[in-house]
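Presented below is the structure to which this report refers.
The first residue of the sequence shown is numbered 1, and numbering continues consecutively from there.
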Amino acid sequence: MIDSIIAGLSGLSAGVVYLFTAGLPNVIMLLVGGTLLYLGAKKGVEPLLLIPIGIGCVLVNIPLSELGNEGGLLNIFYEMGVANELFPLLIFVAIGAMIDFGPLLENPRILLFGAAGQFGIFLTLMLALALGFPVLEAVSIAIIGACDGPTAIYVTSQYAPHLLGPVSVAAYSYMALVPIIMPPIMRALTTEKERTIKMVTVKKSVSPTTKLLFPIVVTLVGGLIAPKGLPLLGTIMLGNFMRESGAVARLTKASENEIANVVTLFLGLAIGGTMEGHAFLTPTTLAIFGMGFLAISLDVVAGVLFGKLLCALTGGKVNPLIGAAGISAYPMAARVVQTEGLRFNKKNHLLMHAIGANTGGQIGSVIAAAVMLSVLKGMGLI
C-alpha cells in the first residue's frame, strides 16, 4: 500500500516537474483547448466541431499523456478515419444530402460567382510558394481559402499531415468568423448605390429529372477534368443524388444526422489529438493562420469585384454583394449577404440569389481542390 502511494506521488511529482519545464508548450495548448471549449459551449461558435477538437487538444496536452501516441485513443481515431481519408469523405456525403442545388439550377450563370470565389486559394498558393513553403504544404495552406473544413482536412491529411492541426483549426475558425470577415470587405468595395440594387427573383421551375441528373453530370464532367479529386466530388454528389432521388430516404436521413454526427465527433477528437504543444506552437502555425485569413479575404474580394463587373455589364441589374457568397461557407455566407442587403435597402431580399452563388461556391471549392490535386499528380509530386 505504502509502495503504491510512493509510486503515485513519484508519478505526480514527475508530471509537475514536466509541466514547469519541457511542458510549457503543453500548458499553452491546454489554454488553447479551454478557449476552443469556451467558444463552442458558451459562444456557439461551430460547437459540433470545436468542442471535440477542444477536448482532444486538452487530452493530448495533459503532462505525460500518451493518448496521441501510437496505440493511444486519439491516435486510433486519426488512423481509422483521417489518415485514410474516410472521415472527411463521409462528411461530404452528409453535405451533399443537405444541399439543394435548385437555386443554382434556376440561374446556372450564377455558378460563375462560385468560380470567382476561389481566386484567393490560388493567390495564396503563389504567396506560400514565394515564402519558401514546399509545394504540398503550400497547397494545404492555400486550401483554407476554400472556406470548407472537410476539403481542407482531406487535402492536408494526405499531403501535409503534420499541418493538419493548424490547418483544420484555421479553416473552421474562419468559417465561423465569416459574419465578421465578410461585411467590412463588402462595404469597402461597393458604393451605397450598388448595395441598394434590388434584384428581382424570377422563380423558374426546375424539373425533378434535372435535379436528379445534375449530380451525375457534375461528377462525370468534374471527374474527367480533375480525376484526382473525384473522391471529393463523388461523395458530395452521392449525397445529393440520394436526396433528390427520394428513393433512399432512410440513407439520406442517416447521412444528414447519425453518420454526420458520429463522424464529426471522431473527426474533432482526431484533429485535437494532433495539437500537441511542441508540434503545434511553431512559426509555421502563425504563418498558416495569417495566410488562411488572407486566402478567405481574397476570395470575398474576388467575388465582390466580379459582382461589380457583372453589375456594369448588365447596366446595374446585379447587386455586387452577392459575389461575396461565392465561397463554400454554406449557407452562412448567403445569410450574411441577405443581412447586408437589408441593411441598405429594407426591401432588398438577396437570399435566393446568394444561395445560388453559395451552392456554386461549394462546388467551386471542391473543383478547385480537385484541379490542384490533379496538377500535382501530373507533376509527379503526389
Side-chain angles (χ1 to χ4, degrees), residues 92 95-96 99-126 139 142-148 150-152 155 171 175 178 181-182 185-186 189-190 199 214-215 217-230 232-233 236-237 240 294-314 317-334 336-337 350 352-375:
F92 266 108
I95 292 173
I99 290 181
D100 178 12
F101 287 115
L104 178 62
L105 293 172
E106 290 176 9
N107 184 12
R109 291 176 296 179
I110 211 164
L111 182 62
L112 294 173
F113 285 109
Q118 311 310 313
F119 270 69
I121 298 175
F122 298 99
L123 293 174
T124 304
L125 172 61
M126 290 187 286
V139 168
I143 207 64
I144 297 173
C147 211
D148 185 345
T151 301
V155 173
M175 282 176 61
V178 158
I181 296 172
M182 284 175 54
I185 298 174
M186 295 161 69
L189 296 178
T190 56
M199 295 180 65
F214 179 74
V217 172
V218 170
T219 301
L220 291 173
V221 174
L224 291 172
I225 295 174
K228 188 63 180 176
L230 197 53
L232 293 170
L233 198 58
I236 194 171
M237 292 305 164
N240 189 251
L294 178 65
I296 292 176
S297 298
L298 289 174
D299 284 343
V300 178
V301 169
V304 174
L305 291 179
F306 184 71
K308 288 174 72 72
L309 175 62
L310 290 187
C311 179
L313 293 177
T314 59
K317 295 182 179 179
V318 174
N319 190 316
L321 292 179
I322 67 171
I327 58 177
S328 186
Y330 182 91
M332 190 184 302
V336 173
V337 170
L350 300 174
M352 292 309 296
H353 301 284
I355 283 289
N358 209 180
T359 52
Q362 183 73 64
I363 296 176
S365 68
V366 175
I367 293 292
V371 169
M372 292 171 72
L373 295 180
S374 294
V375 170

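- Atom CG of residue L294 and atom OG1 of residue T124 lie 4.5 Å apart, to the nearest 0.5 angstrom.
- Atom-to-atom distance recorded for I367:CD1 and I225:CD1 is 6.5 Å, nearest 0.5 angstrom.
- F92 is not listed as a side-chain neighbour of M237, based on a closest heavy-atom distance of 4.5 Å or more.
- The 12-atom threshold is not exceeded at CZ of F119, counting heavy atoms of other residues, nucleotides or ligands nearer than 6.0 Å.
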Please assess L104 against F214 for the test side chain to side chain contact (heavy atoms under 4.5 Å, CB included), listing each intermediate value before the final yes or no. CA-CA 11 Å; L104 178 62; F214 179 74; 4.2 Å; yes
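- Within the 3.5 Å criterion, the main-chain N or O of Q362 finds no donor-acceptor partner in the side chain of D148.
- Residues A142 and A295 come closest through the heavy atom pair O-CB, 4.2 Å.
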Derivation and outcome, side chain to side chain contact (heavy atoms under 4.5 Å, CB included), residues I110 and T359: CA-CA 9 Å; I110 211 164; T359 52; 5.9 Å; no
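- One finds the CG atom of L298 at 8.0 Å from the CD1 atom of I185 (value rounded to the nearest 0.5 Å).
- Note that the OG atom of S328 and the CD1 atom of I363 stand 10.0 Å from one another [nearest 0.5 Å].
- The closest side-chain heavy-atom distance from D100 to P103 is below 4.5 Å.
- No donor-acceptor contact under 3.5 angstrom links the side chains of D299 and Q118, judged on distance only.
- Using a 4.5 Å heavy-atom cutoff, the side chains of L313 and C311 are not in contact.
- Of the inter-residue distances, the one linking I143 atom CD1 with M372 atom CE reads 5.0 Å to the nearest 0.5 angstrom.
- Relative orientation of the F113 and F306 rings is perpendicular, given thresholds of 30° and 60° on the angle between their planes.
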Show the numbers, then the answer: is there a side chain to side chain contact (heavy atoms under 4.5 Å, CB included) between T219 and L230? CA-CA 7 Å; T219 301; L230 197 53; 4.1 Å; yes
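- By the 4.5 Å heavy-atom criterion applied to side chains, L310 and K317 are not counted as neighbours.
- You'll find the side chain of F101 stays beyond 4.5 Å of the side chain of E106, heavy atoms only.
- In plain terms, the two heavy atoms of M199 and N319 that are nearest each other are SD-N, 3.3 Å.
- Taken to the nearest 0.5 Å, the CD1 atom of I236 stands 5.5 Å off from the CD1 atom of I95.
- Within the structure, salt bridge (charged side-chain N to carboxylate O under 4.0 Å, His left out) contacts touching residues 110-124 (residues at least two apart or in different chains) do not occur.
- Across V178 and A333, no two heavy atoms sit closer than the pair CG1-CA, 4.2 Å.
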query: side chain to side chain contact (heavy atoms under 4.5 Å, CB included) between M332 and N358: does it pass, once the steps are laid out?
result: CA-CA 9 Å; M332 190 184 302; N358 209 180; over 6 Å; no
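- The two residues V304 and A324 come nearest to each other via the heavy atoms CG2-CB, 3.9 Å.
- Contact record, A302 with A116: CB-O, 3.3 Å, taken as the closest heavy-atom pair.
- Nearest heavy atom pair, residue C147 against residue I327, reads SG-CD1, 4.1 Å.
- The side chain to side chain contact (heavy atoms under 4.5 Å, CB included) test with V301 is passed by exactly one of L189, L123, I296: L189.
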